[in-house]
Amino acid sequence: MSSSLCVTPLQFQPRTPSQSSSSFFHSHVRGTTSATLSLRPLSPLPSTTLSHKLRFQPKLNHSSTTIRCSFALTPELKSTLDKVVSSNKVVLFMKGTKDFPQCGFSNTVVQILKSQNVPFETINILENELLRQGLKEYSSWPTFPQLYIEGEFFGGCDITVEAYQNGQLQELLEKAMCN
């Protein structure tokens with residue numbers, strides 16, 4: 001005996017702020033494109049009779065699932081970021097500045113870099129929301145700080161601390177300074 005299951009197609013329903021719910025995220029970032037989509041069945045899924053006369057009713061959460069898409073990394077921003085990370089041996093994108101860090105994680109990385117006596121540039125991501133969101137896409141890394149060494153993304157705070165503790169960071173920085 002064979003059984004068949006009918007799948008009802010999903011409908012994409014754009015939501016507006018007036019349709020606000022707890023699962024609706026709404027943000028405006030100048031220069032970004034964002035869309036919020038709501039996924040829900042076009043009609044309720046029918047119950048399906050399986051072999052042995054068992055009734056199967058898929059459990060559905062009737063509240064919609066919301067997906068937010070954001071495209072902050074414009075070609076212009078990508079080009080600018082490429083130039084910044086390639087023209088400096090060590091760059092730290094952080095919350096605040098090296099003289100006034102505004103986040104404990106950023107401060108930790110600044111202190112590690114200062115202890116290594118290497119010149120490094122810092123970029124304050126709190127000054128520009130578009131930069132902050134674009135960097136997340138650029139590095140495929142969701143948090144800050146973000147450390148770049150010789151044009152390559154190195155990591156965030158935890159990775160930097162671990163590399164510092166095991167000596168890998170010192171080796172990489174020495175190599176970068178000699179090139």
Side-chain angles (χ1 to χ4, degrees), residues 14-17 19-39 65-179:
R15 304 217 25 202
T16 62
Q19 297 171 310
S20 180
S21 70
S22 62
S23 64
F24 180 72
F25 298 97
H26 185 74
S27 69
H28 291 287
V29 178
R30 188 176 51 147
T32 65
T33 303
S34 64
T36 303
L37 302 176
S38 181
L39 301 175
T65 301
T66 302
I67 299 172
R68 181 173 175 258
C69 302
S70 180
F71 306 100
L73 186 60
T74 63
E76 295 82 15
L77 180 56
K78 183 183 182 316
S79 175
T80 300
L81 290 171
D82 285 340
K83 288 175 188 169
V84 169
V85 299
S86 65
S87 64
N88 296 286
K89 292 191 184 263
V90 181
V91 181
L92 181 63
F93 292 93
M94 61 178 285
K95 294 178 179 178
T97 65
K98 69 172 96 176
D99 296 324
F100 189 65
Q102 295 182 17
C103 156
F105 300 110
S106 294
N107 184 50
T108 298
V109 177
V110 165
Q111 295 310 313
I112 289 172
L113 292 173
K114 284 182 175 180
S115 77
Q116 297 303 298
N117 294 317
V118 295
F120 65 98
E121 295 298 320
T122 60
I123 310 286
N124 184 357
I125 55 99
L126 295 176
E127 293 177 347
N128 187 315
E129 179 67 21
L130 180 60
L131 171 65
R132 188 170 76 174
Q133 294 305 320
L135 265 167
K136 291 177 183 181
E137 293 176 46
Y138 182 78
S139 63
S140 299
W141 193 261
T143 60
F144 294 95
Q146 293 183 8
L147 180 61
Y148 287 78
I149 301 173
E150 288 197 296
E152 296 292 323
F153 176 67
F154 181 76
C157 182
D158 291 343
I159 291 171
T160 303
V161 168
E162 182 180 333
Y164 173 70
Q165 290 172 341
N166 67 26
Q168 291 176 331
L169 181 64
Q170 293 86 329
E171 290 175 24
L172 188 59
L173 290 172
E174 284 176 18
K175 182 182 166 192
M177 294 302 117
C178 290
N179 289 340

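Just the heavy atoms: all of them, side chains too, but no hydrogens, waters or symmetry mates, feed the values below.
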How many angstroms lie between [atom1] in [X] and [atom2] in [Y], if you round to the nearest 0.5 Å?
{"X": "I125", "Y": "S106", "atom1": "CD1", "atom2": "OG", "value": "7.0 Å"}
{"X": "E150", "Y": "L173", "atom1": "CD", "atom2": "CG", "value": "9.5 Å"}
{"X": "R132", "Y": "K95", "atom1": "CZ", "atom2": "NZ", "value": "6.5 Å"}
{"X": "K175", "Y": "E171", "atom1": "NZ", "atom2": "CD", "value": "10.0 Å"}
{"X": "I112", "Y": "Y164", "atom1": "CD1", "atom2": "OH", "value": "6.5 Å"}
{"X": "L147", "Y": "L172", "atom1": "CG", "atom2": "CG", "value": "8.5 Å"}

Hey, does the side chain of [X] reach the backbone of [Y] with a donor-acceptor pair shorter than 3.5 angstrom?
{"X": "N88", "Y": "V91", "answer": "no"}
{"X": "K98", "Y": "L113", "answer": "no"}
{"X": "S79", "Y": "P75", "answer": "no"}

Side-chain contact test, heavy atoms from C-beta onward, threshold under 4.5 Å: evaluate it for [X] versus [Y] and give yes or no.
{"X": "F105", "Y": "M94", "answer": "no"}
{"X": "L135", "Y": "I123", "answer": "no"}
{"X": "E152", "Y": "F154", "answer": "no"}
{"X": "N179", "Y": "K89", "answer": "yes"}
{"X": "T122", "Y": "D99", "answer": "no"}

Task: Crowding at CD, E162 (>12 non-hydrogen neighbours, <6.0 Å) - done: no
Task: Enclosure of K114 NZ (heavy-atom neighbours >12, cutoff 6.0 Å) - done: yes
Please give me the minimum heavy-atom distance between [X] and [Y], naming the atom from each residue.
{"X": "P142", "Y": "K136", "value": "O-CE, 3.4 Å"}
{"X": "W141", "Y": "Q146", "value": "O-NE2, 3.1 Å"}
{"X": "N107", "Y": "P101", "value": "OD1-CG, 3.5 Å"}
{"X": "A72", "Y": "L130", "value": "O-CD1, 3.4 Å"}
{"X": "L92", "Y": "P145", "value": "CD1-CB, 3.6 Å"}

- [ ] Using side chain to side chain donor-acceptor pair (under 3.5 Å) as the criterion, list what pairs up with T108, not counting sequence neighbours.
- [x] none
Open item on the list: Run L169 and I149 through side chain to side chain contact (heavy atoms under 4.5 Å, CB included) and show every step you take.
Closed with: CA-CA 10 Å; L169 181 64; I149 301 173; 3.8 Å; yes
Task: Pairing residues for V85 by the side-chain contact (heavy atoms from CB on, under 4.5 Å) criterion, not counting sequence neighbours - done: F93, Y138, Y148
